[in-house]
Amino acid sequence: MTDLSQIVKAYDVRGVVPAQWDEPLAELFGAAFVEVTAADAIVIGHDMRPSSPGLSGAFARGAAARGADVTQIGLCSTDELYFASGSLGLPGAMFTASHNPAQYNGIKMCRAGAAPVGQDTGLADIRARVERWSDEGAPEPVAEPGTVTQRDVLGDYAAHLRGLVDLSGIRPLKVVVDAGNGMGGHTVPTVFAGLPLELDAMYFELDGSFPNHEANPLDPKNIVDLQARVRETGADLGLAFDGDADRCFVVDENGDPVSPSAITALVAARELAKHPGGTVIHNLITSWSVPEVVRENGGEPVRTRVGHSFIKEEMATTGAIFGGEHSAHYYFRDFWNADTGMLAAMHVLAALGGQQGPLSQLVAQYDRYAASGEINSTVDDQTGRLAAIKTAYQGRDGVTLDELDGLTVTADNWWFNVRASNTEPLLRLNVEARDTATADRIRDEALAIIRG
């Protein structure tokens, strides 16, 4: 039987094209997606990678062969696909490999209303069907195949976002945006059109070969150009989008990165002003400042595991108004509980433009502690190293341990979390403390055990 384990991960399909998957396989995924979701209609979008139009077209053929009517929205960001899924009430498929290198492509799938398709909510069933059909042959097309039509939703997507955050009355701002040759170059001009923003566009040309830098702003080397442009031009802030533009990273007027935890806290405060007493989800490696700000603004913080399926599940369960992750994924109840970096960026612009101070001053109230950032270590035995850390800290006075996701060790003035990567032989360490010296000490202590 064909083994798809290398491209079907916990939340989506992603691999090298065509070495690991190709258009015939994408066609099988389209057929399987329709069967598992029992959909009579779906919506499909794709990013700017050279392989994306062909793969999405093959997926559409497979879906139509199983009787589903397919709406293709063409070039779009992932959150634009979520908008289409939510507003049209259709299951959706987005062809993108997000921030991965140019030779990769993938599919992010959702049910109607942008509800996630995860390992336990359909992805395993889709994979099983594709594996069986790739060995035994695809099923015969149904007697009445579905139709395939085209639709442009970019304008509706922009209007929906602008209806959620009013930027018309803010003071004029100069904004540098680095789209990384990804889909931000497609969506930003329409969303920002006519607003009191002076837009300095960097790398807006759609190019899936990523000629300027990887479309992964989480890696510091990929925001160096943005930081330099902000400093050179005296801009009020800079925004960097990843390849499929569902994540947004922020730098202040000095070109310094703003922590996604600080952005989470800022947006949470704004959402709580609209929805008093609401619940806000945060994953367990966001800063202490996030639950603090939520409580200070009358909200209820809820801590969860890392990963969009866990965040979305908890949002649906609790009716949360907002959720944020350290990786710059931001989730909104007003956006079908889906993640949209664009909406988070608009909140930052509204907050900054609604007062006279610089961004660094505005976010200082939300960035309260010293943090290590995520530090990856290659290890031979993930389980053994985690056990060694547990043994080292278990029983220490004033220290608590929990295993919600990996191992979190907490004291009065510091905490750290160590998690195993699902796809690589890595352990990921995040440390936070009330001062830099303590953060450095705990970081070095934990790394000595991890790399022991």
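Throughout, numbering of the chain's residues begins at 1 and tracks the sequence. Keep in mind that the numbers below use all heavy atoms, side chains included, and drop hydrogens, waters and symmetry copies.
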Straight-line distance of [X] [atom1] to [Y] [atom2], nearest 0.5 Å:
| X | Y | atom1 | atom2 | result |
| --- | --- | --- | --- | --- |
| D79 | L161 | CG | CG | 6.5 Å |
| D242 | S77 | CG | OG | 10.0 Å |
| Q103 | R49 | CD | CZ | 8.5 Å |
| F416 | I285 | CZ | CD1 | 13.5 Å |

Classify the ring geometry between W336 and H160 as parallel (under 30°), tilted (30 to 60°) or perpendicular (over 60°).
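W336 and H160: parallel rings.
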
I'd like to know whether the aromatic ring centres of H347 and F322 sit less than 6.0 Å apart in this structure.
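No; F322 has its ring centre 6.0 Å or more from that of H347.
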
Is the shortest distance from a Lys or Arg side-chain nitrogen in [X] or [Y] to a carboxylate oxygen in the other one below 4.0 Å?
| X | Y | answer |
| --- | --- | --- |
| R305 | E313 | no |
| D246 | K108 | yes |
| D339 | K312 | yes |

For D120, does the CG atom sit with more than 12 other heavy atoms under 6.0 Å from it, leaving out its own atoms?
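Incorrect, the count does not exceed 12.
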
Side-chain (R14) to main-chain (Y104) donor-acceptor, under 3.5 angstrom:
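No: the side chain of R14 does not pair with the backbone of Y104.
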
Just by modelled atom types, is the T286 backbone N or O under 3.5 Å from a matching donor or acceptor in the N283 side chain?
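At least one qualifying donor-acceptor pair exists.
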
Using distance alone, with no hydrogens and no angle criterion, decide if [X] and [Y] have a side-chain donor and acceptor under 3.5 Å apart.
| X | Y | answer |
| --- | --- | --- |
| Y369 | E292 | yes |
| S377 | R451 | yes |
| H213 | D178 | yes |
| S98 | N100 | no |
| D367 | S259 | no |
| Q72 | S56 | no |
| N212 | N181 | yes |

Report yes if some heavy atom in the side chain of [X] is under 4.5 Å from a heavy atom in the side chain of [Y]; otherwise report no.
| X | Y | result |
| --- | --- | --- |
| H46 | L55 | no |
| L195 | I170 | no |
| V224 | Q227 | yes |
| H282 | V294 | no |

Taking I42 as the fixed residue, which of L90, V70, D69 is the one that meets the side-chain contact (heavy atoms from CB on, under 4.5 Å) rule?
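Only one of L90, V70, D69 forms a side-chain contact (heavy atoms from CB on, under 4.5 Å) with I42, namely V70.
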
Which heavy-atom pair separates R247 from F249 by the least distance, and what is that distance?
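What the structure gives for the nearest pair is NH1-CZ, 3.6 Å.
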
